[in-house]
Number of protein chains: 2
Amino acid sequence: MSTTDGDSETSKGGGKNDASAPPPRQLTARGRDRRKKLLDFATQRFSENGFHPTSVSDIVDGIGVGKGVFYWYFPSKDDLLLEILRESLLDLRRSQRAQMKVYDDPLRQLEEGIRASLQWSASHPDVLRLVMFAWTEEPFAKSLRRGRRIMIQDTAKLVSAAMEDGLIKPGDATMLSTAIRGVTDELGRQYAVGDNPLSAEVLDNAVRFCLYGVTG
Amino acid sequence: MSTTDGDSETSKGGGKNDASAPPPRQLTARGRDRRKKLLDFATQRFSENGFHPTSVSDIVDGIGVGKGVFYWYFPSKDDLLLEILRESLLDLRRSQRAQMKVYDDPLRQLEEGIRASLQWSASHPDVLRLVMFAWTEEPFAKSLRRGRRIMIQDTAKLVSAAMEDGLIKPGDATMLSTAIRGVTDELGRQYAVGDNPLSAEVLDNAVRFCLYGVTG
DNA sequence: GAACGGCTTGACCGCCCGGTCAAGTAGTGG
DNA sequence: CCACTACTTGACCGGGCGGTCAAGCCGTTC
């Protein structure tokens, strides 16, 4: 496994932990459900209509609730998007972990991580489209940069392990991981914009490409 | 040359030509200047602040003119963006044509076209960032799809010519052109988001990659 | 059944946005 | 100097947006 278990994102950061953060709400089962509905519906609408053109009223009307509901679960519209981004990252990493944990060989884990990444992208085109938007506005881009750093670190740990095991010739693990991220990222974008489904063939080629690039 | 001269974009389309279009204004030299200033300033602000967060007032205040000026030159804020997209495409294609016209060999022209494309991208990161946004909202995306089609056709003409000359083995010219477009597009995006300048080395590799992919 | 806290409602608010327009000013051709 | 048109101004407008809040509902707990 690449990180400590659970959903921790950073074991240690710079100085303080999260700066602000009003006490996170205590939700009942019903509450968590509503929240999820909001998240999902918003993701869909944002991705098909654009973030700014979609108003908070559109969202609450869409699922047939009052406006106050929105602001019970999220402090602001921007925060909702940030939350979508955050949870998507969590979910993607969770998929990777689940798919990797079957193996011990770090190179094999690397492969499964790449596969999981591509598969996740293929099944979440709406999120990917939203991410494309998010790169174009600073507060969101900031969150994405952080996510990218985290994922590259995840990968780098694997690459380093493989180097220590002599499976990959020694080198700059971070650089290699960045390259892999570049490939999966771009492939992922294809699913966001294009209309081709994920064929096993494409998947295999992408994996081979990355692995070949890493092992030399 | 790949197309008839000048800035024509389509020699013939479907049924009618442009549907609407209020009589395009007759501008004096001073007018063309102002228009250009608006276009340039807006491009910059849109790309660094985001399209929606940048208001028309921001733009006119930024260059120190009244709001009416904006609406003298552009029918709406959306149209301004569409115009930026349109003119960028025109400019890119102009660069390509200029750089290609020195050669007769279609394969060499293809190479120069790719080079020109990459160079143009490297020197217009702000436009590329705007384009990233534009893909996320339908009316703008529509314009981008049209632009892509045009550029792929440009390339396909060259590829076909090269096939006829026996420089490339016969095949689906459009598909190959689409692949090339994929490469230049993604490379371009690096300049929009990343911070690395365009090295001659990267340029050469990209060109070699495309050409190699095409000639087999 | 009272009391409590999670949850919901929707009228309401202030702001600012895109867009308009009546009134000019500046350049230019006769 | 006039007339004409290209251009400029900025107060103004209607509307929709993100966000608030007093009030009420509902399920649990004791």
Side-chain angles (χ1 to χ4, degrees), chain A residues 20-43 45-46 49-85 130 133-134 137-140, chain B residues 20-43 45-46 48-84 130 133-134 137-140:
Chain A
S20 54
R25 286 204 195 283
Q26 175 72 3
L27 301 178
T28 64
R30 181 151 146 271
R32 279 191 300 275
D33 239 54
R34 267 266 198 273
R35 196 185 124 95
K36 180 118 198 330
K37 260 206 176 96
L38 282 165
L39 242 13
D40 290 346
F41 188 79
T43 301
R45 294 301 290 261
F46 284 163
N49 270 52
F51 175 75
H52 290 289
T54 302
S55 68
V56 173
S57 303
D58 285 343
I59 296 169
V60 292
D61 289 355
I63 62 177
V65 297
K67 210 174 190 179
V69 169
F70 185 96
Y71 289 95
W72 176 258
Y73 294 102
F74 306 99
S76 76
K77 192 190 170 190
D78 279 19
D79 272 282
L80 166 64
L81 175 52
L82 254 6
E83 202 55 22
I84 292 172
L85 262 20
L130 240 188
F133 162 77
E137 273 176 44
E138 197 29 43
F140 309 130
Chain B
S20 56
R25 284 201 198 287
Q26 175 70 5
L27 301 179
T28 63
R30 181 153 146 270
R32 279 190 301 273
D33 238 55
R34 266 262 198 276
R35 196 185 124 95
K36 180 119 199 328
K37 260 207 176 94
L38 282 165
L39 241 13
D40 289 347
F41 189 79
T43 301
R45 294 301 290 262
F46 284 163
E48 69 194 20
N49 270 58
F51 176 74
H52 290 290
T54 302
S55 69
V56 173
S57 302
D58 285 342
I59 296 169
V60 292
D61 289 356
I63 61 178
V65 297
K67 209 173 190 180
V69 169
F70 185 96
Y71 290 95
W72 176 258
Y73 293 102
F74 305 99
S76 76
K77 192 190 170 191
D78 279 20
D79 271 282
L80 166 64
L81 176 51
L82 253 5
E83 202 55 23
I84 292 173
L130 240 188
F133 162 78
E137 272 176 45
E138 196 29 42
F140 309 129

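Below, chain A is the first sequence line, B the second, and so on; all start at residue 1.
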Point to revise | CH2 on B:Trp72 to CZ on B:Arg35, rounded to 0.5 Å | key: 13.5 Å

Point to revise | Closest-nucleotide 5' rank along DNA chain D - winner of A:Val56 and A:Gly68 | key: A:Val56

**Study point:** Any A:Tyr73 side-chain N or O less than 4.0 Å from OP1/OP2 of C:dT8
**Key:** yes

Review point. Looking at the side chain of A:Leu27, which of C:dA11, C:dC7, D:dT8 is the nearest nucleotide?
Key: C:dC7

Point to revise | B:Val69, nearest nucleotide to its side chain (from C:dC7, D:dG18, D:dT9) | key: D:dT9

Practice item. Would you indicate, yes or no, if D:dC7 has its OP1 or OP2 atom less than 4.0 angstrom from a side-chain nitrogen or oxygen of B:Arg35? Key: no

Check your understanding: How are the rings of B:Phe140 and B:Phe51 set relative to one another: parallel (under 30°), tilted (30 to 60°) or perpendicular (over 60°)?
Key -> perpendicular

Review point. Does a side-chain N or O from B:Arg34 land closer than 4.0 Å to OP1 or OP2 of D:dA6, or not?
Key: no

Check your understanding: Looking for any heavy atom pair under 4.0 Å, which part of the strands does B:Phe74 touch: base, sugar-phosphate only, or nothing?
Key -> nothing

Exercise for review: Compare the minimum distances between each of C:dT9, C:dG19, C:dG6 and the side chain of B:Ser76, then state the nucleotide with the smallest one.
Suggested key: C:dG19

Check your understanding: Is the base of C:dG19 touched by the side chain of B:Lys77 through a donor-acceptor pair closer than 3.5 angstrom?
Key -> no

Review point. Taking only N and O in the side chain of A:Thr28, is any of them less than 4.0 Å away from OP1 or OP2 of C:dC7?
Key: yes

Review point. Can you find a heavy atom in the side chain of B:Phe46 that is under 4.5 Å from one in the side chain of B:Ile59?
Key: yes

Review point. Has A:Trp72 got a side-chain N or O lying under 4.0 Å from the OP1 or OP2 atom of C:dT8?
Key: no

Point to revise | For the student: nearest non-hydrogen atoms of A:Glu137 and B:Gly50, plus distance | key: CG-CA, 3.9 Å

